[in-house]
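Since the model is a prediction, treat every value here as computed from it, not as a measurement.
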Amino acid sequence: DRRNQKVMAIGSGYLPLQLDNRWIYERFNSQLQRTEKVKIEIISTPIIKWKTYYTFNQLPFVPGLETKRNILIRYNRLDKRYVRLIRQDQVFEEVSLFPIGESDDATFDHSLDDQKLPVANRLSYLTCLNCENAGIELVFDNGLGIIEAGIFSNLGVDSYRLKSASING
């Protein structure tokens with residue numbers, strides 16, 4: 001029974017990293033009652049310190065990256081997690097793209113269907129687990145990436161729904 005098993009790591013297929021991968025989302029803002037298209041794509045693959053990174057043009061639904069551009073990401077196979085490269089005081093450092101644990105108040109869990117049963121090859125990243133009317137849920141589909149995102153606050157909901165994807169490899 002997978003319902004009670006904790007998800008401690010995420011596989012490399014949950015956010016496919018290939019040059020020219022592209023995801024088109026429909027973003028709906030409940031406060032403004034407005035819908036817009038959002039395009040996310042991998043635009044380059046720089047090699048830094050013998051590691052290949054994948055440059056995302058944007059990731060507006062990832063905590064802390066709402067307004068950032070050109071985000072460098074790679075999958076760390078040893079830790080089984082996605083990391084991003086940041087620059088702090090002239091030094092490059094890798095930090096978790098989706099931090100989990102009590103100090104981060106975030107976790108990965110099995111995505112559930114309408115009958116509350118785990119959906120195969122689908123995981124959810126949840127933040128602010130005990131908050132009322134706040135937090136983020138990202139739904140990952142293995143082989144496709146993030147298929148849905150919900151950003152909840154007392155101002156309303158910002159939701160992203162995958163409309164099309166072009167995945168290479």
Between Ile151 and Pro60, the two heavy atoms sitting closest are CD1-O, 4.3 Å
- Query: Heavy atoms, side chains only, cut-off 4.5 Å: are Asn21 and Ser166 in contact?
  - Reply: no
When you compare the side chain of Phe98 with that of Tyr14, does any pair of heavy atoms fall below 4.5 Å? no
Residues 60-78 vs salt bridge (Lys or Arg N to Asp or Glu O under 4.0 Å), sequence neighbours excluded, gives Arg74-Glu94
### Message
Looking at Leu126, is its backbone amide N or carbonyl O close enough to the side chain of Ser124 to form a donor-acceptor pair, meaning the two atoms are under 3.5 Å apart?
### Response
no
Checking Tyr54, Tyr53, Tyr82 against Tyr75 for ring pair (Phe, Tyr, Trp, His ring centres under 6.0 Å), the one that qualifies is Tyr82
Exercise. Hey, does Asn29 have a side-chain heavy atom less than 4.5 Å from the side chain of Glu36?
Worked result: no
Could you check whether atom CG of Asn130 has more than 12 heavy atoms from other residues, nucleotides or ligands sitting under 6.0 Å from it?
no
d(Ile10 CD1, Arg81 CZ) to nearest 0.5 Å is 12.5 Å
Minimal heavy-atom distance between Ile43 and Asn70, with the atoms involved, is CD1-OD1, 3.2 Å
In this structure, CD of Glu41 is separated from CG of Asn57 (nearest 0.5 Å) by 5.0 Å
When every non-hydrogen atom of Phe28 is compared with those of Gln33, the smallest separation belongs to CZ-OE1, 3.7 Å
Are Val83 and Phe92 grouped together when hydrophobic residues (ILVMFWY) are joined by side-chain heavy atoms under 4.5 angstrom apart? no
For the residue pair Phe61 and Ile136, establish whether any side-chain heavy-atom pair is separated by less than 4.5 Å. no
Residue pair Ser96, Asp79: steps toward the side-chain contact (heavy atoms from CB on, under 4.5 Å) verdict:
CA-CA 10 Å; Ser96 183; Asp79 296 341; over 6 Å; no
Ile167 and Gly143 have their tightest heavy-atom pair at CG2-O, 4.0 Å
Output for pair (Ile71 CD1, Leu65 CG), nearest 0.5 Å, gives 4.5 Å
In this structure, CD1 of Ile147 is separated from CG of Asn142 (nearest 0.5 Å) by 11.0 Å
(Q) Hydrophobic clusters here meaning ILVMFWY residues chained together by side-chain heavy-atom distances under 4.5 Å, can you tell me if Ile42 and Leu85 are in one? (A) no
With no hydrogens and no angle check, is any side-chain donor or acceptor of Asn76 less than 3.5 Å from a backbone partner on Leu78? yes
*Any side-chain heavy-atom pair from Tyr125 and Ile100 closer than 4.5 angstrom?*
yes
Could you check if a side-chain atom of Tyr25 sits within less than 4.5 angstrom of a side-chain atom of Ile146, using non-hydrogen atoms only? yes
* Please answer whether the main-chain N or O of Asn133 pairs with a side-chain N or O of Asn154 as donor and acceptor at a distance below 3.5 Å. => no
Minimal heavy-atom distance between Gln58 and Val38, with the atoms involved, is NE2-CG1, 3.6 Å
Can you tell whether the side chains of Arg161 and Glu26 come within less than 4.0 Å, N to carboxylate O?
no
Heavy atoms of Asp141 and Arg122 approach each other most closely as OD1-NH2, 2.6 Å
*Kindly indicate whether the side chain of Val62, heavy atoms from C-beta on, has any atom under 4.5 Å from the side chain of Phe56.*
no
With sequence neighbours left out, the residues meeting side-chain hydrogen bond (donor to acceptor under 3.5 Å, both in side chains) with Ser44 are Thr55
Practice item. Under the side-chain contact (heavy atoms from CB on, under 4.5 Å) rule, what do His110 and Leu123 come out as? Steps first, then yes or no, please. Key: CA-CA 5 Å; His110 299 284; Leu123 293 175; 4.1 Å; yes
For residues Ile40 and Leu59, determine if any side-chain heavy atom of one lies less than 4.5 Å from a side-chain heavy atom of the other. yes
Separation between CD1 (Ile73) and OG1 (Thr45), nearest 0.5 Å, reads 13.5 Å
Distance col, row Ile24:CD1 vs Lys163:NZ, nearest 0.5 angstrom, shows 12.0 Å
